Student: 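Pasting a structure below so you can have a look.
Note: hydrogens, waters and symmetry copies are ignored here, and every other heavy atom, side chains too, is used. Predicted, not measured: the structure shown is a model, and the values here were computed from it.
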Amino acid sequence: MNNKIIFLSVLLIFSALFFPAFVLSFEYDYGGTFLNSTDFVSDETSSDTEIEQLNRLALLFEAYNESESGNETTFTAQGSYEYTDERAYLFNIDMLSIRGTFPGAVGSDSVFEAEGGRIYFSDPTEIVLSHTADGISFKFLYPGIRYFVEAGYTGLLLNPSSDIRMTSLDMSEESLETDDTFFGPAKAFLQSTITVPELWWLDSMSFFGLAVFDLRDESEGPVMHTQYLGFNSSRSYGKNMYQNLFFILQHASLKVPDIDDRNAIGLIFGLKLNYLKESFFGSNWQFKLIGAPPDVSIDDLIDVPFGVLGFVPMSKPDLANSVSPTLSGLGLLELKYSFRPFINSSSETASAIQPYTAARGFFRTYSVSVDWIDTDTESDGLYIGTEIEAGLVWRIFSDLGLELNGAYFLPATGGFGAASDNMESIFAFRTSLSVSF
């Protein structure tokens, strides 16, 4: 812990000393954002309502330089102060990176891009990984193929901004107790992606591999090393319909103190459809399907040296608003619609109003308990419940935004439902106001 704090202190001092000289010959821009967000969330077993408040002030600085040969260099720094009910910390480094773009560096028709620092990482599906981390990224861009190689480390991300939670140790009260634990779980990862545009009838096809190494000591609790192999394809149908199809295979090696090591294989697949009709009030219809097997052991059923793993992503997925589903044993159907009723208005303020509504159905793919909701242990039902969502996004002015969001979860109880009969309906309501300067 002390070593990490010392490292961050040295990094800030280094930046303060050398940053002015670095950007002296650069063009630069700066700004900031203030966000106020209030959440009202009900408890799943009672009618009590919790109120959560978030205030966040972020400052952004960006410096840019282009040489006579066409090479580009960009320095980006963003820091924020965030106050929540859980914890108020003085300062967080959201982004701190330097990126270089070099046309023709690895071929006459190529572009090579290198970036390092605290940057955003994601896999092509954004299902496994969608998070900032400290690391490096190399991109080799050719007209017929794109190749990415990336590596990162998550151990310097502050709680509670770190959403890297993979094992029970990561999610334990000790790890989430932000008053005592400044930094999130320490993981190292390596990712490689190949993207081929316009392959056969597809607009693009991406293949990727991602390896995650748990850097915790095995004596502290469960340690899990995981590897992912997957693809993500995109296709358009005419001018309005777009399709994404993905499949990911996961292998995990779980090490638990005083228990034999466990190897397991998991998978997830999904389909996304978007239908855009700009002429009809800027309408956007979306359909989503996701399926993943549960976490069950098949060692007793067949003689194999591994079990079936409920799919475990690296970062927490964003699948609902009133509840927090995990991907293990999850089946999800989602329909969403958004539109802009005043898109043809001469007023930019009026034309920016965008209401939306969504309905989601949650299933378990096998009659086992799930870890995100109270289930009926005696029920064979697969249907968990339905979430209804409605909201409004409004960019009132170019530097002032408002979002209202309400969601209501109805648990599926009774003979055909998987939820416990003791469960109450859950609602969540959020107001967010952002100001840019």
Student: Do Ser328 and Thr326 have side-chain N/O donor and acceptor atoms under 3.5 Å apart?
Tutor: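 Looking only at side-chain atoms, Thr326 and Ser328 do not form any donor-acceptor pair under 3.5 Å.
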Student: Could you tell me whether the side chain of Pro124 reaches within less than 4.5 Å of the side chain of Thr195, counting heavy atoms only?
Tutor: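 No, their side chains stay 4.5 Å or more apart.
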Student: Ser315 side chain to Asp163 main-chain N or O, any donor-acceptor pair under 3.5 Å?
Tutor: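 It does not hold such a pair.
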Student: For Glu82, does its backbone N or O pair with a side-chain atom of Ser80 as donor and acceptor, under 3.5 Å?
Tutor: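 No; judged by distance alone, with no hydrogens or angles, the pair does not exist.
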Student: Taking the side chain as C-beta and beyond, is there a heavy-atom pair between Met224 and Thr226 under 4.5 Å?
Tutor: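 Side chain of Met224 against side chain of Thr226, heavy atoms only: contact under 4.5 Å found.
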Student: Using a 6.0 Å cut-off, check whether atom CD of Glu348 has over 12 heavy atoms from anything other than its own residue.
Tutor: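 No - once you tally the heavy atoms of other residues, nucleotides and ligands closer than 6.0 Å, there are 12 at most.
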Student: Determine yes or no for a side-chain-to-main-chain donor-acceptor pair under 3.5 angstrom, with Arg165 supplying the side chain and Asp170 the backbone.
Tutor: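 It does hold such a pair.
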Student: Between Asn240 and Leu276, is there a donor-acceptor pair closer than 3.5 Å when you use the side chain of the first and the backbone of the second?
Tutor: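 Indeed, once roles are kept as given, a pair shorter than 3.5 Å links the two residues.
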Student: Taking CZ in Phe281 as the centre, count heavy atoms belonging to other residues, nucleotides or ligands within less than 6.0 Å. Is the count above 12?
Tutor: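 No.
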Student: Hey, does the side chain of Arg118 reach the backbone of Ile93 with a donor-acceptor pair shorter than 3.5 angstrom?
Tutor: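 Present.
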Student: Is it the case that more than 12 heavy atoms not belonging to Arg430 sit under 6.0 Å from its CZ atom?
Tutor: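 Not buried by this count: 12 neighbours or fewer within 6.0 Å.
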Student: A quick test of your reading: do over 12 heavy atoms of other residues, nucleotides or ligands sit less than 6.0 Å from NZ of Lys336?
Tutor: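 Yes, the 6.0 Å shell around NZ holds more than 12 heavy atoms from other groups.
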Student: Is there a donor-acceptor pair closer than 3.5 Å between any side-chain N or O of Tyr142 and the backbone N or O of Val106?
Tutor: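 Checked: pair present.
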Student: Can you classify the ring geometry of Phe112 versus Phe140 as parallel (below 30°), tilted (30 to 60°) or perpendicular (above 60°)?
Tutor: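 Ring orientation of Phe112 relative to Phe140: tilted.
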Student: Within the distance-only criterion (no hydrogens, no angle test), does the side chain of Arg364 pair as donor or acceptor with the backbone N or O of Gly329 below 3.5 angstrom?
Tutor: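 No; judged by distance alone, with no hydrogens or angles, the pair does not exist.
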Student: Are the side chain of Trp394 and the backbone N or O of Leu400 linked by a donor-acceptor pair below 3.5 Å?
Tutor: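 No, Trp394 side chain to Leu400 backbone: no donor-acceptor pair under 3.5 Å.
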Student: Just by distance, do the side chain of Ser137 and the backbone of Glu150 share a donor-acceptor pair under 3.5 Å?
Tutor: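 Side chain of Ser137 to backbone of Glu150: no pair is present.
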Student: Less than 4.5 Å apart, side chain to side chain, heavy atoms only: is that true for Arg99 and Ile119?
Tutor: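 No, side chains not in contact.
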Student: In terms of side-chain geometry, is the basic nitrogen of Lys255 or Asp214 positioned less than 4.0 Å from the acidic oxygen of its partner?
Tutor: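 Looking at Asp214 together with Lys255, the answer is no, because their closest N to O distance does not fall below 4.0 Å.
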Student: By the ring pair (Phe, Tyr, Trp, His ring centres under 6.0 Å) test, which pairs, at least two apart or in different chains, include something from residues 191-244?
Tutor: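 Every pair satisfying ring pair (Phe, Tyr, Trp, His ring centres under 6.0 Å) with a residue in residues 191-244: Tyr228-Phe311.
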Student: Without swapping roles, check the side chain of Thr154 against the backbone of Lys187 for a donor-acceptor pair under 3.5 Å.
Tutor: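 Flag set: sc Thr154 to bb Lys187 pair under 3.5 Å.
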Student: Are Phe339 and Tyr337 an aromatic pair, judged by ring center distance below 6.0 Å?
Tutor: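 Yes, the ring centres sit under 6.0 Å apart.
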Student: With rounding to the nearest 0.5 Å, note down the distance linking CE in Met314 to CG in Asp123.
Tutor: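 So the CE of Met314 and the CG of Asp123 are separated by 10.5 Å.
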Student: Classify the ring geometry between Trp285 and Tyr275 as parallel (under 30°), tilted (30 to 60°) or perpendicular (over 60°).
Tutor: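 Plane angle between 30° and 60°, so tilted.
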